[in-house]
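Working notes, structure below.
This is a predicted model, so every value here is computed, not measured. Numbers restart at 1 for each chain; the letters A, B, ... are given by sequence-line order, proteins then strands.
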There are 2 protein chains.
Amino acid sequence: MRGPVPTLRDVAERAGVSPTTVSRVINASGFVSREARAAIRQAIDELGYVPSASARGLASRHTAMVGLCLPVVDADTDLADRSDRRPPPRVPGLPGAETVPVVVDTDPEAIISWGGMYFGEVVRGAEFAAWEAGLAITVAMTRAPDLEARVLNMAGRVDGMVVVSGTLPDDLLEHVARRVPVVILTGLGPESAHDRVTVRNAEGVERLVEHLLTDHGITSLEYVAAPEGTPDDEERFRGFCRALTRAGIEAPAAPRLRGDWERGRGREIARGLVDGLGRGGTLPGALVCCNDNTALGLLDVFAAHGVRVPEDVVVTGFDGVEAARTSAPPLTTVEQPMAELGRAAVEVLTARIAAPARRAATTSLPVTVVLRGSCGAHPPVGVDGRAGEDPA
Amino acid sequence: MRGPVPTLRDVAERAGVSPTTVSRVINASGFVSREARAAIRQAIDELGYVPSASARGLASRHTAMVGLCLPVVDADTDLADRSDRRPPPRVPGLPGAETVPVVVDTDPEAIISWGGMYFGEVVRGAEFAAWEAGLAITVAMTRAPDLEARVLNMAGRVDGMVVVSGTLPDDLLEHVARRVPVVILTGLGPESAHDRVTVRNAEGVERLVEHLLTDHGITSLEYVAAPEGTPDDEERFRGFCRALTRAGIEAPAAPRLRGDWERGRGREIARGLVDGLGRGGTLPGALVCCNDNTALGLLDVFAAHGVRVPEDVVVTGFDGVEAARTSAPPLTTVEQPMAELGRAAVEVLTARIAAPARRAATTSLPVTVVLRGSCGAHPPVGVDGRAGEDPA
DNA sequence: TTGTACGCGTTATCAG
DNA sequence: CTGATAACGCGTACAA
């Protein structure tokens with residue numbers, strides 16, 4: 001089954017031309033006579049010839065492929081867990097319908113996979129941009145065992161890589177970057193000297209806080225930060241302060257509340273706040289969080305302890321993850337254009353591949369403030385609404 | 001910037017050994033002395049050496065990469081549309097916060113991208129399985145212009161391909177299959193002679209209908225099918241009939257209602273039903289749809305016309321797309337394990353690559369019936385519930 | 001418009 | 001444990 005695969009040489013012989021001519025029709029380069037072209041086309045079909053990318057890459061010194069390094073997401077553990085056990089039965093037809101489990105869906109907020117669909121969207125955008133540029137794309141999550149070997153392996157098979165910030169150790173990143181151009185995609189970590197694609201973090205938060213200030217009349221706000229030293233978070237905090245300052249409110253020098261991007265830590269922070277309440281403390285008018293996960297964690301605990309959102313305290317996030325739309329209450333947030341991020345990253349990368357010498361630049365994509373229940377959602381004057389399709 | 005890239009030869013020279021020895025440490029094959037290994041490691045680091053996948057592939061005659069062909073999804077048009085216009089401004093720092101749009105999110109059912117997150121999950125599972133097998137993965141959506149060239153290009157750079165059924169013309173598929181093993185992933189279309197991965201379509205619907213019959217006491221059911229000649233749909237209809245027959249109810253020879261997998265067509269069908277109602281017609285007790293999209297279309301129109309679900313009619317779907325959880329009412333459905341589908345497909349593929357001669361087989365993954373509001377959700381005795389995490 | 005000849009960077013084979 | 005040597009399949013100057 002599937003004997004020795006035909007090569008360009010075989011096609012050439014069968015069509016009665018030289019290998020060069022075959023190469024010409026495959027690559028649509030140079031001029032080839034009608035007859036030659038037809039004969040070659042036919043030979044290709046009859047032989048079932050497919051050009052070897054390896055040979056092409058070796059000869060041409062580029063692979064026409066870009067790589068995408070994504071962080072491992074929570075949902076990954078689902079798959080990994082199942083690897084330990086025996087795989088589920090997959091034999092067709094044996095068990096009947098009585099073996100099909102029936103469950104009642106009691107948790108409308110169950111985890112949505114792949115980072116709240118975050119990275120799925122990045123991949124989609126990246127694949128699109130690669131397609132437009134005529135490139136193939138390879139994707140990998142940067143899992144711990146063998147990280148280095150696997151990443152270098154990818155580096156060896158691409159013309160350039162998009163790396164989500166913070167997913168690779170610095171030395172590995174630099175090793176890779178010595179070989180191929182690298183574009184850093186927003187996230188955590190202070191890499192530099194590479195092209196970078198982010199969103200307007202500061203402007204997004206600034207606008208959101210402005211809304212809280214102006215349209216809701218809230219005057220006491222607190223920023224819930226990420227761990228120190230993460231650029232995106234710092235920018236968001238900067239936007240927070242800017243809005244306050246412009247409103248004549250004194251901005252803190254540093255965030256007084258700090259999480260770690262995760263929902264669990266958000267819950268802990270909320271517990272601390274609730275405890276403080278019991279000891280006679282008071283809640284700020286609004287808690288502006290560094291991301292949605294953290295904000296969702298706050299909502300979890302507030303709901304459990306009877307703290308009403310937005311009546312007792314307004315809560316906002318950043319990202320626009322799926323879960324933020326169905327939380328109770330739905331979360332007001334700053335939405336990032338994830339697919340556009342993936343797309344822009346690959347576009348920047350292809351530009352860099354074309355012009356390796358140009359100096360590195362940072363690209364910031366626009367964001368959107370999305371008002372939902374967690375802030376009370378008074379639309380500011382002149383705001384856009386999002387219309388649903390009319391089904392009738 | 002980035003001069004001639006170092007090769008294995010350079011590493012060998014610098015380490016004072018032969019290329020063969022370097023190859024040995026890179027591939028962890030054969031035995032190499034401590035000193036040699038150390039010298040080579042160091043040379044690799046100093047030179048920033050990265051092995052060329054092209055050269056490796058050419059010499060070893062395999063690429064250690066698998067390909068995944070996905071259908072184009074609706075959301076793709078978003079990206080494509082934007083390609084016509086000028087790209088959005090991406091210069092950093094220029095516009096301020098006042099340019100950030102603020103919108104009120106009025107449509108909690110807005111389309112979720114990438115096929116209701118369907119294919120994102122497939123990619124995630126496939127990437128995981130590839131990773132476990134030590135393989136890289138490349139992904140492509142099968143877009144129209146240049147389909148053939150691009151698909152053959154992929155075929156030329158992988159050791160095997162997973163193709164979502166119905167995404168490739170038959171002749172193209174066979175061309176590809178002459179070169180590398182192919183696994184067909186459930187969907188539309190009657191390909192054969194290749195390995196195939198699906199879900200227990202019939203059993204899933206059978207169990208669901210059983211629930212409707214037994215726990216809800218519904219006796220008049222109608223199946224809303226997909227276009228004729230799609231195997232998955234036919235299996236689902238078979239399960240539908242089987243459940244009826246077993247309950248002593250006469251099953252129709254063929255579906256009386258037919259959509260096209262899409263929400264829009266679901267709406268049209270519902271309009272037909274509603275019109276019939278006006279002319280003295282009557283609604284069945286339940287409408288069992290071939291997929292969630294179709295069912296969601298029905299819900300749209302029923303809601304708009306005051307037909308109460310589940311009081312006036314029960315509606316169910318198949319797939320378990322994200323939108324089915326947040327529809328009004330939430331949709332009872334048969335959930336497919338999308339990530340597991342991607343994973344299984346790649347596992348089957350690697351098995352096939354290892355044993356090319358074995359005869360083709362079909363693998364069916366288990367499904368889960370998920371009860372939600374659109375059927376009234378009476379849990380049958382002994383049913384599992386899905387617990388949410390306790391935030392307090 | 002077509003063909004010749006060489007080399008791309010690595011692995012596999014075989015001999016030390 | 002180590003090293004020669006010969007492919008691997010294609011692109012690309014260069015010549016015709």
Students often get this wrong, so: under 4.0 angstrom with heavy atoms, is [X] touching a base, only sugar-phosphate, or nothing?
X	result
T7(A)	sugar-phosphate
V22(A)	nothing
S33(B)	sugar-phosphate
P51(B)	sugar-phosphate

Rounded to whole Å, how long is the line connecting atom [atom1] of [X] with atom [atom2] of [N]?
X	N	atom1	atom2	answer
E35(B)	dT2(D)	CD	P	8 Å
L58(B)	dA6(D)	CG	P	17 Å
F31(B)	dC1(D)	CZ	P	6 Å
L152(B)	dG9(D)	CG	P	18 Å
L8(A)	dT2(C)	CG	C1'	14 Å
I40(A)	dT2(C)	CD1	C1'	10 Å
R37(A)	dT1(C)	CZ	P	9 Å
R56(A)	dC10(D)	CZ	C1'	9 Å

Exercise for review: Report the C-alpha distance between R124(B) and E127(B) in whole Å, list the side-chain angles of each, state the deciding distance to 0.1 Å, and finish with yes or no for salt bridge (Lys or Arg N to Asp or Glu O under 4.0 Å).
Suggested key: CA-CA 5 Å; R124(B) 198 172 66 87; E127(B) 190 275 342; over 6 Å; no
Exercise for review: Could you pick out which residue, A55(A) or P19(B), lies toward the 5' side of DNA chain D when each is mapped onto its nearest nucleotide?
Suggested key: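 Its nearest nucleotide being more 5', the pick is P19(B).
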Between [N] and [X], is there an OP1 or OP2 to side-chain N/O distance shorter than 4.0 Å?
X	N	answer
T21(B)	dG3(D)	yes
S23(B)	dT11(C)	yes
T20(A)	dT12(D)	no

Please tell me which of the listed nucleotides, [options], lies nearest to the side chain of [X]?
X	options	result
R24(B)	dT11(C), dT10(C), dC14(C)	dC14(C)
S52(B)	dT10(C), dC10(D), dT2(D)	dT10(C)
S18(A)	dG7(C), dT4(C), dT10(C)	dT4(C)

Point to revise | Check: D159(A) side chain, V66(A) main-chain N or O, donor-acceptor pair, under 3.5 Å | key: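 A pair under 3.5 Å: no.
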Review point. So, T186(A) side chain and V197(A) main chain: donor-acceptor pair closer than 3.5 Å or not?
Key: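 No.
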Review point. Is there a donor on the side chain of R61(B) or the base of dT11(C) sitting less than 3.5 Å from an acceptor on the other?
Key: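 There is none.
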Exercise for review: Check L349(B) against M161(B) and note the closest heavy-atom contact, atom names and distance.
Suggested key: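 In terms of heavy atoms, the two residues are closest at CD2-N, 3.6 Å.
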Point to revise | Shortest non-hydrogen separation from L70(A) to T167(A) and the atoms involved | key: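 Shortest heavy-atom separation between L70(A) and T167(A) comes out as C-CG2, 4.0 Å.
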